[in-house]
**Q** 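This is the structure I want to talk about, given as structure tokens.
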Number of protein chains: 2
Amino acid sequence: MTDDLRPAGTPTLEDVARAAGVSRATVSRVINGVRNVDPVIQEAVRHAVASTGYAPNRAARSLVTRRTDAIALVVSGAGVEPETEADADASADEADGGEGASFTGQVFADPFFGRVVTGVVNYLRPRGMHPVLMFAETSRAREDVVAFLRQGSADGALVVSTHAEDPLPGMLTDAGLPAVLYARPARAARISYVDVAHQDGARLAAEHLLARGCRRIATITGPLDVPAVQERLAGFRDAMAQNGHPYIAIAEGRFTQESGETAMERLLAEHPDLDGVFAANDLMATGACHVLRERGKRVPEDVAVIGFDDSSAALACRPPLTTVRQPVEAMAAEMARLLIERLGKPEGAATSVIFEPSLVVRDSA
Amino acid sequence: MTDDLRPAGTPTLEDVARAAGVSRATVSRVINGVRNVDPVIQEAVRHAVASTGYAPNRAARSLVTRRTDAIALVVSGAGVEPETEADADASADEADGGEGASFTGQVFADPFFGRVVTGVVNYLRPRGMHPVLMFAETSRAREDVVAFLRQGSADGALVVSTHAEDPLPGMLTDAGLPAVLYARPARAARISYVDVAHQDGARLAAEHLLARGCRRIATITGPLDVPAVQERLAGFRDAMAQNGHPYIAIAEGRFTQESGETAMERLLAEHPDLDGVFAANDLMATGACHVLRERGKRVPEDVAVIGFDDSSAALACRPPLTTVRQPVEAMAAEMARLLIERLGKPEGAATSVIFEPSLVVRDSA
DNA sequence: GTGAAAGCGCTAACAG
DNA sequence: CTGTTAGCGCTTTCAC
């Protein structure tokens with residue numbers, strides 16, 4: 001008669017406690033690894049846990065701890081506007097995925113996001129945390145991300161913007177939600193981020209070009225209102241200047257392959273004897289190679305070309321591009337670390353961590 | 001005195017109720033769109049919600065509804081497995097881009113997973129649900145997935161196995177957890193899945209080869225113990241037989257490029273006059289092209305080659321491969337639909353939905 | 001049509 | 001070191 005009301009569904013703490021002959025609190029303690037529990041009782045509890053097949057209910061725990069151990073990994077950016085990366089051949093599929101198909105499809109077409117995911121997951125997993133994948137390509141989607149976090153569905157957000165004027169970071173900070181960005185935001189904000197030392201990357205390119213003997217060097221920049229673009233340009237100029245080349249030809253592109261072609265044509269028209277080009281991303285470098293070959297210039301023999309990002313475009317290019325590579329996995333892991341650190345002390349100041357890029361030497365320079 | 005204890009943190013249902021001058025129950029009703037609420041009161045509640053900036057707490061709701069509106073999107077498959085008992089608590093940190101990097105990195109290198117994510121997100125998002133990304137490449141990781149679901153951290157799992165002998169589906173069903181697979185499992189199980197009509201895909205390849213005039217045709221299969229491989233072979237044979245070619249040469253590969261090369265060499269040795277090859281995946285087709293060109297055969301002029309999957313390898317191959325493509329986004333969306341349907345009626349039978357593939361004609365055939 | 005009250009399963013003081 | 005006691009914020013009978 002004493003035990004005719006058996007637990008029906010999944011076992012709860014209560015059930016385990018009863019089985020072990022202790023209180024719920026004690027069971028909770030051993031499960032959460034709190035000290036000050038008699039080893040004998042600990043053992044009894046563990047046994048009871050095993051025999052009942054107990055699994056702690058996350059919602060219940062979350063309700064009191066105010067933590068979900070989930071973080072939002074959001075890929076943010078405009079849906080219509082040109083992206084900084086990953087719009088090589090944005091055609092093909094989109095057959096049935098519906099609206100966002102092109103955005104998410106494009107996004108994962110570039111190995112970059114896979115690397116981000118890798119870095120994040122590797123950091124989160126050993127800590128019992130998990131990433132919830134979200135896309136914020138429309139204003140509606142951005143609101144959803146904010147709502148998601150405000151509901152306490154995730155403890156914070158890791159956001160990777162594909163373009164500079166992204167409003168999401170601002171929305172997040174305005175709502176007082178913990179977030180960490182990949183890349184410095186265009187408008188300075190009280191928000192942590194990781195980034196690569198763009199200047200140093202550009203310097204690597206400059207020095208490589210110089211080292212291989214190039215003397216008439218030009219650069220194709222990205223949109224000059226983007227901070228990273230300015231830094232790449234500044235770094236390139238500085239390095240060139242320090243090596244006795246105070247003036248270099250410049251053409252501004254828009255990060256697309258087509259804009260890289262146009263820029264290269266302009267450059268060639270003004271400086272037919274060019275022998276080295278540094279483009280601010282791989283897509284534009286690819287466009288440059290294209291034009292160069294059309295004009296009968298061999299790459300790298302006549303003109304050496306260096307890109308930036310080590311994206312899929314770098315490998316797809318013929319010849320394969322020498323390019324500047326960011327330590328994406330490490331950077332992504334650091335984002336996660338920063339976010340979790342911030343969850344610990346909510347009032348901590350925003351931090352930024354800058355990583356050093358490296359040069360991947362292939363055939364184009 | 002009546003209101004000197006103001007809500008400190010985020011507003012709760014209680015706060016909204018007070019602001020609207022109604023009970024929590026009523027607020028709950030309007031928020032959840034339950035009928036039978038006076039329109040006037042509804043409006044008052046909505047107003048109160050807006051003015052308080054209320055956002056329902058997911059954990060609390062989840063605790064009572066037993067739903068999280070999150071689903072696990074798990075990429076499963078064999079990685080390098082330490083598998084020792086000692087690594088229970090090992091792998092503590094692994095800094096950043098450590099071990100697992102190779103698995104997740106590789107995974108997203110193929111556009112396939114991006115397409116799956118796209119399909120899943122597009123289906124889930126309008127329904128207020130979100131995918132939690134998980135990798136199950138080690139036995140430890142698989143246990144984590146099961147634990148995650150048993151804790152009620154997600155309502156079910158969508159699993160994409162990169163391997164036929166994946167133990168995860170079995171573990172999931174054994175635990176009574178809702179799951180839907182991409183591709184039919186090797187061992188039949190009471191589990192829903194989506195798949196492509198492999199026979200029809202192979203038939204498309206056969207007919208295309210025949211239509212372009214090939215008459216001495218061979219096929220490179222995958223490991224014959226994989227169901228999909230058998231179906232592709234059967235479909236190919238049938239189509240050929242129906243068109244007057246009851247016998248075709250066969251070589252078994254292991255889905256790797258290298259095995260494709262070996263298979264092609266064998267085929268060529270036995271049938272030097274081959275003029276068409278259908279490989280059961282793009283990697284093997286790539287290997288075949290390689291060998292063919294080494295042997296002085298032009299593709300497609302001398303020998304036409306068709307692959308399967310339309311993976312990144314298809315585009316990377318020279319010449320770009322004509323290949324059979326699965327409607328991945330639609331299939332992924334259907335997985336999500338099936339899972340959600342199953343969440344509604346837990347005792348429903350396992351279903352499978354088969355999709356029609358299409359032929360992507362490029363240069364190799 | 002609306003409110004009161006009873007939990008969902010867990011953690012965290014606070015006593016003992 | 002362990003048990004008791006309150007809730008965490010929400011949904012949901014069950015009365016009114």
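Chain naming here is simple, since letters A, B, ... match the order of the sequence lines and numbering starts at 1 in each. Quick caveat, the model's predicted, so the values are computed rather than measured. Values below: all heavy atoms of this structure, side chains included; hydrogens, waters and symmetry mates excluded.
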**Q** Please determine if A/Glu341 and A/Lys345 form a salt bridge, counting it only when a charged side-chain N lies under 4.0 Å from a carboxylate O.
**A** no

**Q** Heavy-atom count check: over 12 atoms from other residues, nucleotides or ligands less than 6.0 Å from A/Arg187 CZ?
**A** no

**Q** Does the side chain of A/Ser153 pick up a donor-acceptor pair with the side chain of B/Arg58 at under 3.5 Å?
**A** yes

**Q** Quick one: do the A/Asp166 and A/Ser76 side chains pair a donor with an acceptor below 3.5 Å?
**A** yes

**Q** Could you run through nucleotides 3-10 of chain D and give me one letter per nucleotide, 5' to 3': B if any protein heavy atom sits under 4.0 Å from the base, S if only the sugar-phosphate is that close, - if neither?
**A** BBBB-BBB

**Q** Side chains of A/Ser28 and A/Asn32: donor-acceptor distance under 3.5 Å anywhere?
**A** yes

**Q** In terms of side-chain geometry, is the basic nitrogen of B/Arg140 or B/Glu143 positioned less than 4.0 Å from the acidic oxygen of its partner?
**A** no

**Q** Please list, in 5' to 3' order, the outermost nucleotides of DNA chain C lying under 4.0 Å from any heavy atom of chain A.
**A** C/dG9 to C/dA13

**Q** Side chain to side chain contact (heavy atoms under 4.5 Å, CB included) with A/Val74: which of A/Leu158, A/Leu133, A/Leu149, A/Val159?
**A** A/Val159

